[in-house]
Amino acid sequence: MKGERKTPPAIKGTQDILPPYVKKWQKAETEAKGLFELYGYKEIRTPVFEPTELFQKGTGPTSDIVTKEMYTFVDKGGRSLTLRPEYTPSVVRAIIEHRLYLQPEPLRFYFIGPMFRYDKPQKGRYRQFHQVNIEVFNEKDSAIDAEIVEMADILLHKLGVSDIEVLVNSVGCKKCRPSYHQELKSKAQAQKELLCEDCQRKIETNPLRIFDCKKETCREVSQEFPKIIDFLCSECKEHFEKFCSYLDSYQIPFRVEPRLVRGLDYYTKTTFEIVSSRLGSQDAVLGGGRYDDMMTEFGGPDICGIGFAMGMERLLSVMPYRAEKDQFLYIVYLGEEAKKEGMELVRELRREGVPCLIEYKDKSLKNQMSRANKLEATWTLIIGEEEVKSGEYSLKNMESGVQEKVGREGIREAVKGR
RNA sequence: GUGAGCGUAGCUCAACUGGCUAGAGCACCGGACUGUGGAUCCGGAGGUUGGGGGUUCAAAACCCCUCGCUCACCCCA
């Protein structure tokens with residue numbers, strides 16, 4: 001690799017998205033945007049970097065993201081800034097900053113953009129990755145929880161993603177979680193010897209995460225542990241039951257997964273994931289939940305929130321896609337006079353919205369035709385001396401090989417008739 | 001951050017147990033064919049074998065270091 005010595009390569013965990021593949025991104029983005037707009041969501045765009053403090057507070061000072069995965073740097077003014085590792089705190093900040101909560105509720109936003117986490121890359125996990133996010137603020141009713149899951153489900157089906165499963169859970173709230181934690185801790189403590197080293201540590205730091213362990217023995221032991229579902233306060237319990245019943249009425253298959261403990265500490269009540277068996281170890285295409293307390297923790301009004309994030313790279317890796325060929329006209333010519341006529345014509349056609357290209361190398365006609373073929377032109381328009389004189393061009397359909405003489409009007413008809 | 005596997009031409013891969021000038025297919029460029037693409041034939045270009053060091057008469061191969069990729073752990077989209 002001669003170039004690699006001179007040119008610094010793309011940095012670890014980032015990637016170039018090259019032209020043929022960009023089409024697939026565009027398809028997914030367009031479908032997502034279209035669907036979100038249909039559900040009343042408005043696009044919002046926030047800066048890629050924010051004060052470090054925003055994520056420390058919003059994402060949680062003890063979370064892995066904040067403690068070891070942030071791209072944090074000091075700018076020339078001495079401020080500590082961080083490339084956003086997730087997007088929810090930014091929206092919450094924007095809502096408070098612009099008093100968006102004074103607008104008619106509920107507020108629905110969507111957003112598409114890059115996120116940054118200093119993680120070790122592997123399948124479905126990159127240092128710069130892209131998320132499609134949606135958030136709804138100021139809607140307590142669990143019907144919105146169901147609507148969001150339904151929208152996500154529809155989106156994935158529209159994009160042809162199969163082999164997916166909807167997982168849901170409730171992680172309770174400030175009122176009911178502490179007592180559950182207590183109970184879980186003491187039960188785990190009692191069986192401590194049976195758990196792996198990691199899980200023994202988790203008993204103190206974050207007992208919920210024991211459910212996540214992939215070791216067979218830990219899974220067996222944790223089966224017997226109390227489930228948060230059984231400890232929900234009446235409000236959370238009702239919320240969750242209604243949520244499930246709404247999903248039923250939407251006829252969306254789902255599985256209650258008590259082990260579903262999302263890694264971000266701010267979640268309350270509903271959490272959910274949509275996983276695909278066709279992904280690797282990182283199998284969540286999309287994940288989210290409710291965060292009823294974040295706004296007040298930022299000093300804003302008491303407004304609840306709920307949303308999900310979908311990983312674009314993960315989505316695209318399980319999304320089927322067949323690129324369609326671009327249709328365009330390729331103009332070839334013989335001689336300077338014909339070239340000028342071609343240049344004029346190509347300009348005219350482009351102004352009318354006809355995609356076309358003109359060859360600039362004055363080589364043999366054969367050579368130019370060969371180029372048109374390699375570029376996969378739909379039609380080739382030949383301008384030679386004869387054509388200049390008569391004003392009738394030779395239009396060749398490159399697939400069928402059929403060639404006909406056409407005037408300027410004839411070009412438009414042929415090209416638009418497709 | 002921890003662990004494992006892998007780095008040979010743009011791509012897919014060869015090169016025995018350490019032994020000739022590191023090869024082939026596809027792709028690319030040109031010619032056969034200067035007013036007609038795709039097929040065929042002929043030719044050309046393209047490599048410090050990821051990088052550095054070591055062992056050896058001799059290294060793509062063996063050893064050490066390093067970088068990168070891949071997968072898994074942790075965690076997450």
Side-chain angles (χ1 to χ4, degrees), chain A residues 1-5 8-15 18 59 62-69 84-88 112-133 152 196-199 201-202 205-206 209 212-215 260-265 273-276 279-288 307-318 330 332-335 338 359 361-387 394-403:
Chain A
M1 309 290 152
K2 205 186 289 174
E4 274 182 12
R5 254 190 327 178
I11 62 177
K12 188 200 280 257
T14 70
Q15 50 207 156
L18 303 178
T59 308
T62 58
S63 66
D64 274 23
I65 290 179
V66 170
T67 55
K68 50 187 199 196
E69 294 172 8
R84 60 179 177 218
E86 62 149 345
Y87 148 88
T88 308
I112 299 180
M115 305 290 159
F116 307 85
R117 289 183 202 170
Y118 192 88
D119 236 340
K120 188 150 178 176
Q122 68 185 70
K123 188 179 178 70
R125 196 168 68 193
Y126 307 97
R127 289 185 173 180
Q128 175 175 333
F129 61 102
H130 298 77
Q131 284 187 340
V132 171
N133 290 251
C196 73
E197 211 175 297
D198 273 348
C199 287
R201 198 165 353 99
K202 289 179 193 166
T205 56
N206 195 345
R209 294 235 76 92
D212 260 0
C213 189
K214 283 168 186 164
K215 293 192 180 71
L260 177 60
V261 180
R262 311 225 66 251
L264 297 163
D265 299 333
E273 272 184 9
I274 298 185
V275 297
S276 165
L279 284 165
S281 176
Q282 267 65 47
D283 64 352
V285 182
L286 163 170
F308 68 71
M310 178 169 73
M312 282 296 285
E313 286 82 357
R314 291 183 190 177
L315 169 72
L316 296 177
S317 76
V318 296
Y330 198 79
V332 303
Y333 55 85
L334 287 165
E359 173 69 54
K361 287 191 192 69
D362 196 359
K363 293 194 170 181
S364 69
L365 188 63
K366 186 175 194 64
N367 195 296
Q368 296 185 49
M369 289 299 288
S370 171
R371 189 175 205 75
N373 184 55
K374 275 171 192 155
L375 293 172
E376 299 186 308
T378 321
W379 308 272
T380 304
L381 190 76
I382 302 162
I383 310 177
E385 277 177 41
E386 287 172 29
E387 285 83 353
S394 301
L395 180 70
K396 183 166 188 172
N397 181 316
M398 294 299 278
E399 200 189 328
S400 65
V402 175
Q403 187 168 318

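Reminder, nothing fancy here: chain letters follow the sequence lines and each chain counts from 1. Predicted, not measured: the structure shown is a model, and the values here were computed from it.
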With a 3.5 Å distance limit and no angle check, can you tell me whether [X] reaches the backbone of [Y] through a side-chain donor-acceptor pair?
| X | Y | answer |
| --- | --- | --- |
| A/Arg84 | A/Pro114 | yes |
| A/Glu273 | A/Leu260 | no |
| A/Gln368 | A/Lys363 | yes |
| A/Asn397 | A/Glu399 | yes |
| A/Arg314 | A/Gly124 | yes |

Sticking with atom [atom1], work out how far [N] lies from [M], rounded to a whole angstrom.
| N | M | atom1 | value |
| --- | --- | --- | --- |
| B/rA24 | B/rC62 | P | 25 Å |
| B/rA59 | B/rG50 | P | 15 Å |
| B/rU12 | B/rG7 | P | 13 Å |
| B/rA27 | B/rA60 | C1' | 24 Å |
| B/rU17 | B/rA58 | C1' | 15 Å |
| B/rC74 | B/rG3 | P | 16 Å |
| B/rC28 | B/rC65 | P | 43 Å |
| B/rU49 | B/rA15 | C1' | 11 Å |

Complementary nucleotide of [N], counting Watson-Crick and G-U pairs under 3.5 Å:
| N | answer |
| --- | --- |
| B/rA77 | none |
| B/rU48 | none |
| B/rG19 | B/rC57 |
| B/rC69 | B/rG5 |
| B/rG30 | B/rC42 |
| B/rG35 | none |
| B/rG25 | B/rC11 |

(request) Using only heavy-atom distances, decide whether a donor-acceptor pair under 3.5 angstrom links the side-chain of A/Arg125 to the base of B/rA77. (result)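 Under the 3.5 Å cut-off, the side chain and the base do not form any donor-acceptor pair.
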(message) Check this for me: does the side-chain of A/Glu86 come within 3.5 Å of the base of B/rC76 through a donor and an acceptor?
(response)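 Looking at the base of B/rC76, it does not pair with any donor or acceptor on the side chain of A/Glu86 (distance under 3.5 Å).
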(request) Assess the side chains of A/Tyr330 and A/Glu359: does a donor N or O sit below 3.5 Å from an acceptor N or O? (result)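 A/Tyr330 vs A/Glu359: donor-acceptor pair found between side chains.
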(message) Can you see whether A/Ser394 engages A/Glu387 through a side-chain donor-acceptor pair at a distance of less than 3.5 angstrom?
(response)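 A donor-acceptor contact under 3.5 Å links the two side chains.
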In whole Å, what is the span from the [atom1] atom of [X] to the [atom2] atom of [N]?
| X | N | atom1 | atom2 | answer |
| --- | --- | --- | --- | --- |
| A/Lys12 | B/rU66 | NZ | C1' | 12 Å |
| A/Phe116 | B/rA77 | CZ | P | 16 Å |
| A/Lys68 | B/rC73 | NZ | P | 14 Å |
| A/Lys123 | B/rC76 | NZ | C1' | 16 Å |
| A/Lys361 | B/rG30 | NZ | P | 8 Å |
| A/Arg117 | B/rC76 | CZ | C1' | 6 Å |
| A/Leu18 | B/rC11 | CG | C1' | 13 Å |
| A/Gln131 | B/rA77 | CD | C1' | 5 Å |

(message) Can you see whether A/Phe116 has A/Arg127 sitting over its ring - NZ or CZ less than 6.0 Å from the centre and within 45° of the normal?
(response)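 Cation-pi check for A/Arg127 and A/Phe116: fails.
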Touch check for [X], heavy atoms < 4.0 angstrom, all strands: base, sugar-phosphate only, or nothing?
| X | result |
| --- | --- |
| A/Gln368 | nothing |
| A/Val132 | nothing |
| A/Gly13 | sugar-phosphate |
| A/Gly280 | sugar-phosphate |
| A/Ala309 | sugar-phosphate |
| A/Lys120 | base |
| A/Tyr126 | base |

Protein-nucleic acid N or O pairs under 3.5 Å, nucleotides 36-43 of chain B:
residue : atom : partner  : partner atom : Å
B/rU36  : O2   : A/Lys396 : NZ           : 3.3
B/rU36  : O2   : A/Gln403 : OE1          : 3.3
B/rU36  : N3   : A/Gln403 : OE1          : 2.9
B/rU36  : N3   : A/Gln403 : NE2          : 3.1
B/rU36  : O4   : A/Gln403 : NE2          : 2.7
B/rG37  : OP1  : A/Lys366 : NZ           : 2.1
B/rG37  : O2'  : A/Asn373 : ND2          : 3.1
B/rG37  : N7   : A/Lys396 : NZ           : 3.0
B/rG37  : N1   : A/Met398 : O            : 2.5
B/rG37  : N2   : A/Asn373 : OD1          : 2.9
B/rG37  : N2   : A/Met398 : O            : 2.7
B/rG37  : N3   : A/Asn373 : OD1          : 3.2
B/rG38  : O4'  : A/Asn373 : ND2          : 3.1

(message) So, does A/Gln122 get its side chain near the phosphate of B/rA72, meaning an N or O under 4.0 Å from OP1 or OP2?
(response)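 Yes, such a contact exists.
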(message) Both A/Gly384 and A/Lys363 contact RNA chain B. Which one's nearest nucleotide lies toward the 5' end?
(response)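 On the 5' side of the pair lies A/Lys363.
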(request) Report the nucleotide, chosen from B/rU34, B/rA77, B/rC75, that has the shortest atom-to-atom distance to any side-chain atom of A/Gln282. (result)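 My answer, after comparing the listed nucleotides, is B/rC75.
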Would you be so kind as to tabulate the donor-acceptor pairs closer than 3.5 Å made by side chains of residues 280-287 of chain A, with sequence neighbours excluded?
residue  : atom : partner  : partner atom : Å
A/Gln282 : OE1  : A/Gln122 : NE2          : 2.7

(message) So which atom in A/Ala10 and which in A/Thr14 form the shortest heavy-atom distance, rounded to 0.1 Å?
(response)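 In terms of heavy atoms, the two residues are closest at CB-OG1, 3.8 Å.
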